[in-house]
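The next block holds one structure in the form of structure tokens; read it before the comments.
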There are 2 protein chains.
Amino acid sequence: MVKSVNVIGRGRAGTAIAARLEERGVELRAEGAELTLLCVPDTAIREVAQRLSPGQGWIGHVSGATPLSALDPHERRFSLHPLQTFTRVRGPEQLDGAWAAVTAETDEARGQALELARTLGLEPFELDDADRPLYHAGAAMASTFLVTLHEAAASLVAAAGAPPEALEPLMRRTMENGFEPTGPIVRGDWATLEAHREAIRRERPDLEALYDALAEATVR
Amino acid sequence: MVKSVNVIGRGRAGTAIAARLEERGVELRAEGAELTLLCVPDTAIREVAQRLSPGQGWIGHVSGATPLSALDPHERRFSLHPLQTFTRVRGPEQLDGAWAAVTAETDEARGQALELARTLGLEPFELDDADRPLYHAGAAMASTFLVTLHEAAASLVAAAGAPPEALEPLMRRTMENGFEPTGPIVRGDWATLEAHREAIRRERPDLEALYDALAEATVR
């Protein structure tokens, strides 16, 4: 197990990761750590990596879409992306049960990344460097766009005078049922689909394009 | 409490509703019931209602988008739409914790519908007849389109060689965190957004329109 880590960046992810490392007895230190873990925004990774002098051990980043080359000129490097959304009101237990994408160029680097994943309590899987943007687009769809979908649905329900919180048991159960598709489109009930469209066009025309794109993807 | 119900239609919803009524000691009978509850597909409600002779007590439907006029010529009528997705592998407990939209034209009808909701274990709220399509569009977004979103996200993750089941802890936590938005768009990281778009355009061009519609709604 890695004995000392320099966690750079204490945003949502960095805070949870640093707390978990401390919890597991890993020393957090700014100088001379075995591993420097960049938990900074994606756009800052390249610059921060360039400022660090190589030869101080391993370096890693926790970004989903960023290639390993962003860690140039460092060669003892890897990426470990926890596939989770973090909030500041929870602690290191946020990592429990989450998966993590590991990208590495050598067996040694892969070993380091997998060991770190285990220390953090993450379930690792390997991901090719070239596949990171596609993978991360899927992750963003599942998380950011889930928020977007909920907002859009809640705003329609509220516009109809119904309580938007009523959607939550529905959304939870949809997941619990293994995403089994139900509803008018699944039943081939095009009249109801058209009634939805008319109501959206009249009351929330700004959501028409989103409804149509989702309906079309569902039909396909 | 209603003492006898004729549940017509034993699809996913009708099966759960009938099982819950029996569980609560309500007699299920085909003739002379106090309430006839149409749990048939939306497209069949009008025809089934017309075939039933009026004056046999109350009539209701459990559709989300269908207006009360579909129950013509019956006048002692209401609608109660359980805001839940049902599966045949679960029982009446599927109703627990779910909300229900109640539409009625008279106080007496409203009283009947609210009493039925309580008997079924549903949390009722009132919904104007004219608002049903808008409300139901929101419900379909939250459930059918959640399935669509998950399928799209899982297919991107799988195309990147990663395990699609890794998305589930992420989606669950996104909900548990009260749909708090995170991710590149929230951080204003347009370079990552463009990297997603390029990867989708190259590998899954069929999902480009959906990604763009969701990204645009998120930015707004």
Side-chain angles (χ1 to χ4, degrees), chain A residues 41-43 65 83-85 87 97-99 101 125 127-128 131 133-135 137-138 140-150 152-153 156-157 159-163 166-167 169-171 173-175 177 179-183 185 187 189 192 195-196 199-200 203 209-210 213-214 217-218, chain B residues 41-43 65 83-85 87 97-99 101 125 127-128 131 133-135 137-138 140-150 152-153 156-157 159-163 166-167 169-171 173-175 177 179-183 185 187 189 192 195-196 199-200 203 209-210 213-214 217-218:
Chain A
D42 292 14
T43 46
L83 188 47
Q84 190 53 286
T85 176
T87 170
W99 296 68
F125 57 87
L127 181 66
D128 278 1
D131 289 324
L134 191 65
Y135 151 79
M141 269 206 160
S143 182
T144 307
F145 292 169
L146 173 54
V147 175
T148 306
L149 187 73
H150 172 257
L156 291 177
V157 166
L167 291 173
L170 172 64
M171 296 184 81
R173 183 61 50 77
T174 301
M175 290 194 62
N177 285 355
F179 299 99
E180 190 181 359
T182 60
I185 298 180
R187 294 190 294 265
D189 178 355
T192 297
H196 288 175
I200 291 174
E203 304 287 340
L210 179 60
L214 285 159
T218 305
Chain B
D42 293 13
T43 47
L83 189 47
Q84 190 52 286
T85 176
T87 170
W99 296 68
F125 57 87
L127 181 66
D128 279 0
D131 288 326
L134 192 64
Y135 152 77
M141 270 206 160
S143 181
T144 307
F145 292 169
L146 173 54
V147 175
T148 306
L149 188 72
H150 173 257
L156 291 177
V157 165
L167 291 173
L170 172 65
M171 296 183 80
R173 184 60 52 77
T174 301
M175 290 194 62
N177 284 355
F179 299 99
E180 191 183 357
T182 60
I185 297 179
R187 293 190 294 265
D189 178 355
T192 295
H196 288 175
I200 290 173
E203 304 286 340
L210 180 60
L214 286 159
T218 306

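In what follows, every chain begins at residue 1, and chains take the letters A, B, ... in the order their sequences are listed. Atoms considered below: every heavy atom in the structure, side chains included; atoms not considered: hydrogens, waters and symmetry mates.
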Contacts of B:Y135 that satisfy ring-ring contact (aromatic ring centres under 6.0 Å, His included) - sequence neighbours left out: B:H81, B:F125
Heavy-atom closest contact (B:V157 atom, A:G138 atom, distance): CG2-CA, 4.0 Å
Under a 4.5 Å heavy-atom cut-off, does chain A meet the side chain of [X], its backbone, both or neither?
X      : result
B:I200 : both
B:A65  : side chain
B:E203 : side chain
B:P41  : neither

Which one of [options] has the most heavy-atom pairs closer than 4.5 Å to chain A?
options                        : value
B:P133, B:A195, B:A162, B:A137 : B:A137
B:A213, B:A159, B:S143, B:A152 : B:S143
B:T148, B:T218, B:I185, B:L170 : B:L170
B:A166, B:A98, B:A199          : B:A166

Side chains of [X] and [Y], heavy atoms from C-beta outward: is any pair under 4.5 Å?
X      : Y      : answer
A:M141 : B:L214 : yes
A:D42  : B:R187 : yes
A:P169 : B:Q84  : yes

Residues in side-chain hydrogen bond (donor to acceptor under 3.5 Å, both in side chains) contact with A:T182, at least two apart in sequence or another chain: B:T85
